[in-house]
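Comments concern the structure below.
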There are 2 protein chains.
Amino acid sequence: MTASINDVARAAGVSASTVSRALRGRSGVSDEVRDKITAVAAQLGYTASRSAASLASGRTFTIGVLVPYVGRWFFGTVLDAAEREFSAAGYDVLLYNLGSPEIRKRFFTRLPVRKRVDAVLTLLIPDEEESAALRSLGVPLATTVGGSRPGFTVVGIDDRAGTESAVRHLVNLGHRRIGMISGASGPLHWTTPIDRRNAYLDVLADAGIEHDPALEADGDYTVEGGERAMTELLAVSRPPTAVYAQSDEMAMGALRALRRHRLRVPEDVSVVGFDDHELADVVGLTTVAQPVADQGAEAARLLLRQLDEPGAEPPTEQVQMPIRLVLRETTAPPRPRGPQ
Amino acid sequence: MTASINDVARAAGVSASTVSRALRGRSGVSDEVRDKITAVAAQLGYTASRSAASLASGRTFTIGVLVPYVGRWFFGTVLDAAEREFSAAGYDVLLYNLGSPEIRKRFFTRLPVRKRVDAVLTLLIPDEEESAALRSLGVPLATTVGGSRPGFTVVGIDDRAGTESAVRHLVNLGHRRIGMISGASGPLHWTTPIDRRNAYLDVLADAGIEHDPALEADGDYTVEGGERAMTELLAVSRPPTAVYAQSDEMAMGALRALRRHRLRVPEDVSVVGFDDHELADVVGLTTVAQPVADQGAEAARLLLRQLDEPGAEPPTEQVQMPIRLVLRETTAPPRPRGPQ
DNA sequence: AATCTGAACGCAAACGCTTGCGCAACAGCG
DNA sequence: CGCTGTTGCGCAAGCGTTTGCGTTCAGATT
């Protein structure tokens with residue numbers, strides 16, 4: 001069918017090994033022969049079979065990327081940036097969309113990436129068992145989410161600092177009843193919701209505001225969840241005058257709920273999100289911006305570097321990217337007399 | 001390092017071929033032996049090397065997916081749905097993010113998927129040369145975008161009907177100056193912008209409205225582009241009272257531009273989009289809903305079916321999914337005296 | 001009892017590449 | 001002008017599977 005390395009070798013009048021060396025830029029081939037081979041290969045439309053190459057060399061030039069849900073903006077953006085880095089370095093990306101628990105479980109027990117990838121970038125937080133499975137692959141590992149884990153290079157942000165700037169902003173505006181929409185129901189071993197919650201509590205304590213557990217609701221990191229959570233918060237006896245959502249998508253859900261309740265933002269309720277979602281600007285959402293694409297790119301680069309220098313094994317780096325509060329139109333001082 | 005098929009064979013006291021047959025559910029293996037092998041394999045944590053298997057069998061159990069930009073909601077959503085189908089059928093997904101022209105060109109000249117995938121799903125519209133390259137792979141091809149192409153199974157929507165319902169809605173509300181934000185600068189051979197434009201023109205003609213070329217602007221299918229386009233439309237001598245955007249993301253950009261110009265939606269200007277983006281509901285955008293995830297899933301299923309029955313070669317099916325107009329809060333009758 | 005028939009399993013040849021090693025040919029050295 | 005390196009290339013042994021074919025053997029058929 002399609003040309004094999006032997007076809008090229010024959011056509012160029014050399015051996016297969018020379019073709020292999022020539023096409024991969026190895027030394028030991030004269031310039032003239034190399035040019036000849038390159039020309040012949042191009043003319044025959046030859047591409048080396050990755051399967052055969054992997055089998056022979058042990059390297060796959062493929063990176064496995066694990067994602068909980070590709071369709072979500074955050075993951076799509078990280079993946080996009082990471083893929084660019086990988087492909088620029090000559091690596092292909094094997095994508096695993098591990099949304100549901102069953103699929104996820106199946107993945108980690110069968111581990112289809114074994115012997116198939118040179119490294120793994122995971123955008124979901126593996127539990128103890130899962131990360132052990134990944135480590136058993138014997139390849140470099142990286143992640144852009146969750147806290148530090150042995151064996152993983154992780155690039156992330158300072159969740160505490162981000163949250164603090166957001167909540168402090170609300171406090172400075174004069175708010176005293178500040179609600180929070182969190183994503184507590186996420187996977188275990190995910191420190192993000194916990195870190196953000198702690199920071200939220202700290203700022204309240206710092207400001208001398210008593211914490212009211214009724215002002216916390218779970219938004220599941222989705223728009224719908226955010227809407228549900230906001231609706232819950234609106235139902236308590238003394239609703240919040242401001243809300244900190246742990247993600248922009250939940251914040252947007254909150255905005256929707258507020259609109260449904262005929263409440264005005266920010267006049268009646270202030271809302272601040274987290275992420276600086278692509279569309280946060282469209283709805284004028286005040287939020288904590290984090291460099292999402294940069295995190296993906298950086299994680300990819302760190303992984304590639306480990307592949308380049310197989311010397312020092314797991315550096316287990318820990319990179320922290322900058323965050324900043326972006327002020328838009330969903331936050332303002334509370335009304336003099338409270339929401340009613 | 002990790003166990004090979006021979007290790008399993010030795011441990012189970014059988015030959016490698018029997019292990020291969022047993023683990024893949026082929027006939028010719030007694031139940032007892034199969035159970036034994038399964039147990040041994042599990043205990044050794046054995047997974048067959050895909051590279052070796054592909055090399056020997058010619059099948060890769062991998063599907064190549066070509067995407068212009070994973071981070072964009074539409075593509076992320078299609079990819080998500082398609083990946084689920086593929087992985088459920090035991091196929092892995094090789095993702096190629098072909099955003100920039102250089103990367104795209106490099107991909108099509110080097111064709112790294114050659115001998116690496118059993119089928120290709122492309123979410124970008126290949127031009128003549130590119131689709132010829134894909135056909136040369138000799139594997140089933142499918143797409144969820146663009147018009148019909150020889151050799152491709154395509155699942156899509158009725159762009160004309162969708163546009164007609166959107167623009168007719170504006171006409172019925174009483175609008176006469178109806179602008180359009182299109183994505184004309186997209187790749188060639190992409191019939192969507194053209195179909196939608198033609199439908200737009202048809203509805204105007206039908207309603208006896210003279211077409212004003214100044215009321216068309218290019219939004220590049222991005223939020224920023226939509227914002228730019230809306231700004232342009234606002235700058236013409238008699239600005240439109242309503243705008244049809246060919247995508248929700250452009251519509252959202254338009255909303256942003258309108259907000260910046262202190263114009264109210266829908267009082268001053270009506271906006272209708274296309275897609276029913278996940279966040280369209282949040283901003284109350286009236287839009288033409290299309291089943292994005294369903295299209296990805298359906299395309300994947302059709303591809304898998306072709307892989308199952310290698311008998312009849314390219315059926316080149318053409319599936320059309322339903323669309324419907326979703327009325328929200330960005331459309332209303334024009335003001336009695338026009339926008340000023 | 002001799003023959004036939006499957007089922008169950010092993011043998012060995014691919015599959016298409018990479019890579020250590022060997023061997024010329026040729027340059028530079030004293 | 002021999003000697004030692006260096007360079008350029010071919011040989012052949014893998015890499016870990018799959019699969020067509022051959023062999024064995026128990027049970028059914030005459």
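FYI, side chains are in, hydrogens and waters are out, and symmetry mates aren't considered; it's all heavy atoms of this structure. In the text below, chain A, chain B and the rest are named by the order of the sequence lines, each starting its count at 1.
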Could you give the CG-to-C1' distance, from A:D7 to C:dC17, as a whole number of Å? 13 Å

Among C:dC15, C:dC17, D:dC15, the nucleotide that comes nearest once only the side chain of B:L55 is considered: C:dC15

Let's go through B:R116 and B:T60 carefully: what are the C-alpha distance in whole Å and the side-chain angles of both, what is the deciding distance for side-chain hydrogen bond (donor to acceptor under 3.5 Å, both in side chains) to 0.1 Å, and is it a yes or a no? CA-CA 6 Å; B:R116 267 210 103 171; B:T60 64; over 6 Å; no

OP1 or OP2 of D:dC15 less than 4.0 angstrom from a side-chain nitrogen or oxygen of A:K115, does that happen here? no

Does a donor on one side chain sit under 3.5 Å from an acceptor on the other, for A:D92 and A:T62? no

Might you list the N or O atoms of the protein lying below 3.5 Å from N or O atoms in nucleotides 8-11 of chain D, with each pair's distance?
unit_1 : atom_1 : unit_2 : atom_2 : d
D:dC9  : OP1    : A:S30  : OG     : 3.1
D:dC9  : OP2    : A:S30  : N      : 2.6
D:dC9  : OP2    : A:S30  : OG     : 3.3
D:dG10 : OP1    : A:S15  : N      : 3.2
D:dG10 : OP2    : A:S15  : N      : 2.8
D:dG10 : OP2    : A:S15  : OG     : 2.8
D:dG10 : OP2    : A:T18  : OG1    : 2.4
D:dG10 : N7     : A:R21  : NH2    : 3.2
D:dG10 : O6     : A:R21  : NH2    : 2.8
D:dC11 : N4     : A:S17  : OG     : 2.9

Take the protein atom CZ of B:R59 and the nucleotide atom C1' of D:dT19, then report the distance between them rounded to whole Å. 15 Å

CZ/A:R59: more than 12 non-hydrogen atoms of other groups inside 6.0 Å: yes

Heavy-atom count check: over 12 atoms from other residues, nucleotides or ligands less than 6.0 Å from B:Q320 CD? yes

Rounded to whole Å, how long is the line connecting atom CZ of A:F61 with atom P of C:dG16? 21 Å

Looking at A:R104 and A:E130, does any basic side-chain N land under 4.0 Å from a carboxylate oxygen? yes

Can you check the B:N6 CG to C:dA12 P distance for me, whole Å? 14 Å

Taking atom types as modelled, is there a side-chain donor on A:R72 or A:T222 under 3.5 Å from an acceptor on the other? no

Between A:R50 and C:dG16, is there a contact of a side-chain N or O with OP1 or OP2 at under 4.0 Å? no

Counting only side-chain heavy atoms from C-beta out, which of D:dT17, C:dC17, C:dT19 sits nearest to A:R26? C:dT19

